[in-house]
2 protein chains.
Amino acid sequence: MENQYTIQKLSQKTGLSVHTLRYYERIGLLEGVPRDEHGYRLYRESDLLWVEFLMRLRGTGMPISEMKRFSDLRSEGDSTITERREMLEAHQAHIYEQMRVLRDHLRSIDDKIDHYKGMEKEQNQAVPPKVPSGK
Amino acid sequence: MENQYTIQKLSQKTGLSVHTLRYYERIGLLEGVPRDEHGYRLYRESDLLWVEFLMRLRGTGMPISEMKRFSDLRSEGDSTITERREMLEAHQAHIYEQMRVLRDHLRSIDDKIDHYKGMEKEQNQAVPPKVPSGK
DNA sequence: CCTTGCTTTAGAGCGCGCTCAAAGCTGTAG
DNA sequence: CTACAGCTTTGAGCGCGCTCTAAAGCAAGG
C-alpha cells in the first residue's frame, strides 16, 4: 500500500511537467527523492504531498527563492518550525493583500463593463426600432 | 485647469517607472501622447486615467499582449465596444478564478500554520515548566 | 536484434515584462 | 560659459520560472 510514482505519474498527478519536477529537484526544492536500481526517480506519497504544498506556495505568488528558503528550513528539522510558521504568516499577509487588490480592481472593471453596456444600449437606440407602437 | 504631466510627474502619480511609461508607449499601449515644442511628453488627464486602467488590468494578471489587443480596439472607436466588453467579462472570470484559488490555498496554509503552532506547543511542554503548582 | 519510448544528466534557450545604456538635445543655476 | 539634470530614441540586457536539447542508458514488443 506504499504508493510509488514514476516521474511521469507524478507529473500527471500534480500537473507539473516532468521538466519542472526535475528542475525543482535540481534547485533543491525536493531533496532525497529515492531511485530504483537504474537511477530512475521513484517518488513516495510524502513527496507527492510536499510537491502539492510547493504548488500552493507558487500558486499564491511566493517566489522560488523563498520556497527554497522554506525548503531548506524544513530539511534542518523541527528546530526551525517557528521560523517556518513566521514565513507562512508573512505569506498569508501577502495573500490577503492580493485578494484585496483583486477585489478593488474587480470593482473598477465591473464599472467599466456597466459603462460599456450603457453605451451599447445607446447605440441600439440610435437606430430606433421599427416595431410599431400599437399592434 | 487642464492638468498636464511630465513623464516624471506621471511616474510619481502612477507608480510606474519612466522606463515603463515609455515602454508602454513604444509597444502601443499608449497612443498619441502629446509633446511640447522640444518633443518632451506632456500627458493629459485622460492619459493618466488610461494608464491607471492599464495598471488595473496588469494588477489582475492580464498579459501585455491582451492589454495591447484591448488598447487597439479602443483606438478603433465605438464600434468595438461590444468586443471590449466581452474581453473584460472574460477577464472578470479570470479574476474570480484567481480569488477562488487564493482562498483555497490560503486555507491549506492556515492549516499548516495551525499545525506548526501545535508542534511549537509540544516542544515547549517537552521541557516541563518549573512553576510550582501551589503559590 | 531492433525499434519505440521511457529515463538520466548538464547545460542551453526562451517568453515575459520590464530595465538600463548610449548618444544627443534642452533648460536652469552659478 | 559650464555643469548638471532631465528629456529624447533605439537597442541591448536582465531576472524569473520554466522548457527544451543532446547524448546516453534501459525495457518491452514484434
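Naming: A, B, ... by sequence-line order, numbering from 1 per chain. All heavy atoms count here, side chains included; hydrogens, waters and symmetry mates do not.
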Rounded to the nearest angstrom, tell me the gap between atom [atom1] in [X] and atom [atom2] in [N].
X       : N      : atom1 : atom2 : answer
B/Asp36 : D/dG6  : CG    : C1'   : 12 Å
B/Leu57 : C/dG17 : CG    : C1'   : 15 Å
A/Gln12 : C/dC6  : CD    : P     : 11 Å
A/Leu29 : D/dG17 : CG    : P     : 10 Å
B/Glu25 : D/dT10 : CD    : P     : 11 Å
A/Met55 : D/dG17 : CE    : C1'   : 14 Å
B/Leu21 : D/dC7  : CG    : P     : 11 Å
A/Leu10 : C/dT8  : CG    : P     : 11 Å

- Do B/Tyr40 and B/Tyr24 share a hydrophobic cluster, counting only Ile, Leu, Val, Met, Phe, Trp and Tyr and linking them when any side-chain heavy atoms are less than 4.5 Å apart?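 Result: no, two separate clusters.
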- Task: Look at the side-chain heavy atoms of Ile, Leu, Val, Met, Phe, Trp and Tyr, link any pair under 4.5 Å apart, and say whether B/Leu30 and B/Ile27 land in one connected group.
- Result: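 B/Leu30 and B/Ile27: one cluster.
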- Message: Between A/His38 and A/His19, which residue's closest nucleotide on DNA chain D lies nearer the 5′ terminus?
- Response: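 It is A/His19 whose nearest nucleotide is closer to the 5' end.
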Residue [X], side-chain atoms from C-beta onward, closest of [options]:
X       : options               : answer
B/Tyr40 : D/dT10, C/dC18, D/dT8 : D/dT8
A/Arg26 : C/dT19, D/dC20, C/dT9 : D/dC20
A/Ile7  : C/dG17, C/dT7, D/dC18 : C/dT7

- Query: For DNA chain C, whose closest nucleotide is more 5', that of B/Thr20 or that of B/Glu37?
  - Reply: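 Nearest-nucleotide comparison on DNA chain C picks B/Thr20.
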Ignoring backbone atoms, test whether [X] places a side-chain nitrogen or oxygen under 4.0 Å from the OP1 or OP2 oxygen of [N].
X       : N      : value
B/Gln8  : D/dC7  : yes
B/Tyr24 : C/dG17 : no
B/Arg22 : D/dC7  : no
B/Arg35 : C/dC25 : no
A/Arg41 : C/dC6  : no

- Which is it for B/Asp110 and A/Gln92 under the side-chain hydrogen bond (donor to acceptor under 3.5 Å, both in side chains) test, yes or no, and what are the steps along the way? CA-CA 8 Å; B/Asp110 287 348; A/Gln92 209 181 29; 2.5 Å; yes
- Query: Of all heavy-atom pairs between B/Glu31 and B/Ser75, which one has the smallest distance, and what is that distance?
  - Reply: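 Closest heavy-atom pair between B/Glu31 and B/Ser75: OE2-OG, 3.0 Å.
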- Geometric cation-pi criterion, B/Arg44 with B/Trp50: 6.0 Å, 45°: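 No.
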